[in-house]
Every structure is written in C-alpha cells, then in structure tokens.
Amino acid sequence: MKKIFFNIKNEKYFFLILIVYFLIGSNIFTDYGISWDEVNERFSGFVSLNEVYKLFNLEPITGHTVMLPNGDIIKSDYPALSNYIYKEYGVLFNLPLAFLENFFEIKDIKEVFLLRHFVNFLIFFISTIFFYYTLRNFYSKIISIIGFLFLILSPRIFAESFYNNKDIVFLSLYLIAFYFALKFLTQRQNKLLILFSFFVALSINIRVLGLLSVALFFLFLFLEGLNSKKLMKKNTLDITKCFFLTSLFTYLMWPFLWGDPLDSLIYTFKSMSSYNWKGLVFFLGDYHEGKNIPWNYTIILFIITTPLLIVFLFFIGISFCAKDLINNFVNIDKYKDTNLWLNNFQILNILAFLNIVIILSYTILFNSTLYGGWRHTYFLYPSVIILSLYGIKIFQNYINKKIILFFVIFSILTSLFWIINNHPFQYVYYNSLVKNNIKKNFELDYWGVSNLYTLNHLIDNYNRDKYFVFAYSNSPYHYSKNMIDSEKRNKIKFVDEIKDAEFILSNHYYLNQQPYKKDKYLFDNFELIYEININNVSINSIFMKKL
C-alpha cells in the first residue's frame, strides 16, 4: 500500500534543517509582542468553551478580567454565544487554548499569551513538514528544500507564525488539506478522502473561506470525469462522500453551528465576504475604507512584501502554467481519457494555479473587506511557492542549473540575514521595490506588535513608580500590558489627554488622521527619546515631556 503520510528514508538534510528550525522557533517565540486581535481571540475561545460546558451540564467559567484602555482591570462575565458580537468566527484555535488555560489554571496573563504563541508556531511548524512532502512527491530533495526555505524564510510569514492565530493557522490547515487533496487525486484511497475532509473542516473552523478548497476539489473531480462516464460516476460518489464528511466534521467542531447549521453557515459566509469593518487602510499614500479597498491592494502588497526572487519566479511559473492549461484545452480531443492536465505534475501546478485565480477573483469580484496587508490571503502562499518552483524548472531548460542555484541560495541567505538583523520586527518587511517610499505610502506595524518593546524600554530605562503614558495612535497599547512582567505591569497608566502625559508613544498607525493640534503640542512640549527603526523607517517611538 502506498504511504498516506511520509516516506522519511534518506531525508537527513531536510530533518537537520527541520530540527534547527524547531529549536530556533522554540527559543524565540517569547520575543514577539502581542497583536491587536489576540485579546479578543482569547475571549472568543472562552465564550465557545462555555457553550461546550453548557452542552455537558458543566459549570460555566465566570469572572473574566477585562483591561480598559487606561490600563485598569475590571471583572466581567462571558456573554452567551448567541449574544456574542463575533459569534460567527471559527474557534478551532481559541477554544482548545481556552480549555488548556482553564484546565491547567494558568493565572499569569503573560504566560497565557506565551502559550498561545508557542502553539501558533507549533501548528505552522507541523504544516511546513506537510508542505515539504507535498513537494517531494513531484520534485528532487534540493528543490523541495528550497520550497520549504522559501516558505519559512519569507520575513512576514516567519514573524506572524508566532502570533497570527487566524491567517497563519488557516494557512497551515489549508496547506495540510492541500497535501491530502493531492494525495487523493493521485492515489484514490478512501483514507485520504477522510483526512482531506477532516483538515478542510478544521480550516473552515478558522476561516469559512476553507469552503472554497472543497469547491476547488469538486471542480477537479468534475473536470476529470468529463471524458469518461465511468469515471464521472465514481467521482460523483467521491464528491458526495467528501461533502458529507466535511459537513459532519465541520458541524461537530464548531459550536456556533449546533443550533441551526445551514443558516449559521450561510450567515457566516455572508458576514466574512462583506465584513463591515469601519477602519481605514493606508495604501499608496491615502486612507481607504476596508470595504472599499482598491481592487489591486492584495496583489501589490504581495509583490512588495515578498522576497523579489520568489515574486519573479512566481510570475514565470504562473505564466507557463496558464500556457499549459490553454494548450491542454485546445488539444483535449487529441488525447483519450485526458483532461486539462496530462500528468500528476500538471495536477500540482494547475491546482495551485486555480487556487490562486479563483480565490483572488472571488475577493475582487465580491469586493471583500481587506485590511492589514495581504494576510487574509496568506493561505495562497504555498501555491505561490509551488508555481515559483515551476519557474525554476522552466529556467533549467534555458540556464545552467548552477547559475539558477546561485541566485536561489543568494535570495534565501538575503532573507535569512534580514530576519536575523531585524528580529523580532520582521512583520514590517518590504522588499527593495519600495525601499525609499515605505512610510509615505504603506502601513508599518498595523497590529501593534512592537508596542510591547516601547513599554518595556520605558520601564527598563526610566525609573518611575508610575508611567503616565498617552498613546498617540489608534493601536490599543494597553493590550501590550498583558505581556509585561507581572511585577511591573501596574506601573503603566494610560491617560486620556495628551496634556496629562509624561511620555507619549506612537507606532505611527493612523497617525495622520487628526494630527494637527496634537502634532504642534507634541513637538512643542515633548522630545524624542527612543525609536525602533527598520530599514531607516521608524515603526515605534517614545517622546518624553521636556523639562
């Protein structure tokens, strides 16, 4: 029987790299601050956990602590799931973490978020193994290792793998489902269909867009059966089984669906596709409403926040994949029992191609609400890398392999150096296409992960019993107090008025919405004492009142 998972023989170089990667991740996950969403994500986990406890007649969890914008803490109870404002959000990550926090009685809030960061990294780490073996089914060891390194050493992905429990966890589960989809399409084992359905259900429980991977899988099976009635009958049965299994797994793992599954799922899909986010996105020098973002936002952000060689190879790979698709379609009648792909290698590339084209077309045509870079479509990145590797394969027909390998190694080492040199602020990476025009055109630390570092810098370098701080930003600086050591946490006091502050902090997020009066007061009365600079661009600053 063909292996369902991995053939680990003769993979010593990959496993050596994997061990190094795990050891590094396990030692640096404590270095990252807290992102804007993490406090609410943790809260959502407990709301759903109480729903589970209610089902089993267990005592609900009460007495949740809420940190107010001024840094004070109050007690509050969790709402019922039916009354919760974010009830439609998947809780696959948050619910188990809430259970672990409650079961092990983790009291220090800093330890809670460090646990979440480690689990976040662990999930991504596991998914990268699946990605490597996805590639190994079609490529040599060295090309597969290159693809693996392309994934883990993309600076933004590297950083966000430690704290982005929406987009990176979704990417991870989507990637694992992709692995089993390919396995099934080439081996046709029922076990693979079950595993694909299971991981798709997990991904749907993070982001409902996981449904599109099922639709893409069904489309593949449908196209494959067009030239054969016998195969169409078999594939229709497989589609039916997959639909049933995915529906069952999704229902069992998502408390929000337990009352009225179909209506709840439709409500979620509509809510996510047209999410009414009221914030603004700074893009190409202007502020845009998230629901009216320019159509090319995701494409441009992908191009300028991804290592250039990967971008270049991707456009080569996707162009040749489109050419393959067109040629296969034009000549489909010349080959008996064939479809839009001639072999398993083309299945890999065409699946990646359709994945990208269909998802991007959906977000553009339905004007999906987007913000925070292209993170909502991070799950397409493994498909991008697959087509980038196809670009390498194309070049090997025209250029000496050693020359290609030189440029690939140079790109990987350049990314590695940037990651090391700018640790732990890799999430503000932009490539050389916009090197001198970043601050005036694009967002920097939109999630406020660097806020923790400015707060800790205050405490470590200025001896005060209390620090009266004004946050000159839309970013919730008070969330970062959760990651400060417990004995120092209460020293930080956030004030509502700039005139009452001894220190002013700014991560330059939405700084220019109402800057005029505050700017004048700021520069007349405060002086810059510290800033975090990445590529000579300030991403977080501290000002102290002049004597």
Side-chain angles (χ1 to χ4, degrees), residues 88 154 156-157 160 164 166-168 170-171 174-175 178 203-204 206-220 223 265-306 310-323 325-326 329 340 349-388 430-431 433-434 441-443 446:
E88 73 272 18
S154 290
R156 290 196 174 218
I157 300 295
E160 294 192 37
N164 185 342
K166 287 182 180 178
D167 311 294
I168 294 296
F170 182 58
L171 177 158
Y174 197 93
L175 193 161
F178 188 90
S203 72
I204 291 170
I206 296 293
R207 285 202 183 280
V208 75
L209 267 178
L211 285 169
L212 294 180
S213 68
V214 184
L216 179 61
F217 182 70
F218 290 174
L219 174 64
F220 243 73
L223 292 174
L265 195 60
I266 293 172
Y267 172 83
T268 301
F269 202 80
K270 286 181 178 179
S271 174
M272 294 298 105
S273 61
S274 58
Y275 181 52
N276 190 24
W277 183 62
K278 302 293 186 182
L280 299 176
V281 175
F282 188 58
F283 176 63
L284 293 177
D286 290 315
Y287 286 99
H288 305 267
E289 291 184 355
K291 61 182 179 180
N292 293 312
I293 203 77
W295 70 270
N296 57 356
Y297 174 77
T298 296
I299 297 171
I300 290 177
L301 264 295
F302 157 70
I303 291 173
I304 63 177
T305 62
T306 303
I310 296 177
V311 175
F312 175 71
L313 291 171
F314 164 72
F315 281 112
I316 297 298
I318 199 170
S319 299
F320 274 82
C321 188
K323 176 175 172 287
L325 264 172
I326 294 169
F329 179 76
L340 295 177
N349 294 317
I350 291 173
L351 194 59
F353 174 87
L354 291 178
N355 198 29
I356 293 169
V357 171
I358 290 174
I359 299 297
L360 286 185
S361 298
Y362 171 82
T363 60
I364 292 170
L365 291 174
F366 288 90
N367 195 30
S368 297
T369 301
L370 300 170
Y371 51 93
W374 60 288
R375 65 183 181 86
H376 294 93
T377 50
Y378 275 173
F379 65 99
L380 299 179
Y381 197 50
S383 295
V384 167
I385 294 174
I386 286 169
L387 292 176
S388 298
Y430 287 92
N431 62 36
L433 289 177
V434 292
N441 284 298
F442 305 104
E443 293 174 338
Y446 57 81

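Computed from a predicted model, the values in this text were never measured in an experiment. In what follows, every heavy atom counts, from backbone to side chain, and hydrogens, waters and symmetry copies are set aside.
- Closest heavy-atom contact between K166 and I206: O-CG2, 3.3 Å.
- Contact between H376 and D167 at its shortest, heavy atoms only, is CA-OD1, 3.8 Å.
- The side chain to side chain contact (heavy atoms under 4.5 Å, CB included) search around V434 returns I304, Y430, I438, F442, not counting sequence neighbours.
- Considering every non-hydrogen atom in both S203 and G210, the closest pair reads OG-CA, 3.8 Å.
- What you find for L301 and T305 is that their closest heavy atoms are O-OG1, 2.5 Å.
- F314 meets the ring pair (Phe, Tyr, Trp, His ring centres under 6.0 Å) test with F302; sequence neighbours excluded.
- Counting only heavy atoms from C-beta outward, the side chains of N349 and F353 never approach each other to under 4.5 Å.
- F220 places a side-chain heavy atom less than 4.5 Å from the side chain of L354.
- Partners of F315 according to the ring pair (Phe, Tyr, Trp, His ring centres under 6.0 Å) rule, which considers only residues two or more places apart in sequence or in another chain, do not exist here.
- Looking at I299 and W374, their side chains never come closer than 4.5 Å, going by heavy atoms from C-beta outward.
- We find the CG-CD1 distance between L216 and I350 to be 11.0 Å, quoted to the nearest 0.5 Å.
- F217 contributes atom CZ, which lies 15.0 Å from atom CG of L212 (distance to the nearest 0.5 angstrom).
- In this structure, F218 places its CZ atom where more than 12 heavy-atom neighbours from other residues, nucleotides or ligands lie under 6.0 Å away.
- Taking the ring pair (Phe, Tyr, Trp, His ring centres under 6.0 Å) definition, one finds that Y297 meets it with F283, sequence neighbours left out.
- Between the CG atom in L351 and the CG atom in L219 there is a gap of 9.5 Å [rounded to 0.5 Å].
- Side-chain atoms of N431 come within 3.5 Å of backbone atoms of T306 as a donor-acceptor pair (strictly under, hydrogens ignored).
- The side chain to side chain contact (heavy atoms under 4.5 Å, CB included) test applied to N292 returns E289, N367, not counting sequence neighbours.
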**Q.** Stepwise side chain to side chain contact (heavy atoms under 4.5 Å, CB included) test for V384 and I318
**A.** CA-CA 8 Å; V384 167; I318 199 170; over 6 Å; no
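- L380 has its side chain within reach of L360: a pair of non-hydrogen atoms, C-beta onward, lies under 4.5 Å apart.
- Rounding to the nearest 0.5 Å gives a distance of 5.5 Å between CG of L387 and SG of C321.
- Of all heavy-atom pairs spanning V311 and I303, the tightest one is CG2-O, 3.7 Å.
- With rounding to the nearest 0.5 angstrom, the OG atom of S383 is 4.5 Å from the CZ atom of F178.
- For the ring pair (Phe, Tyr, Trp, His ring centres under 6.0 Å) test, residues two or more places apart in sequence or in another chain that qualify with F170 are Y174, F379.
- To the nearest 0.5 angstrom, I364 atom CD1 is 11.5 Å from I359 atom CD1.
- Using cut-offs of 30° and 60° on the angle between ring planes, the pair F282 and Y287 is tilted.
- Between G373 and E443, the closest heavy-atom pair is N-OE1, 4.5 Å.
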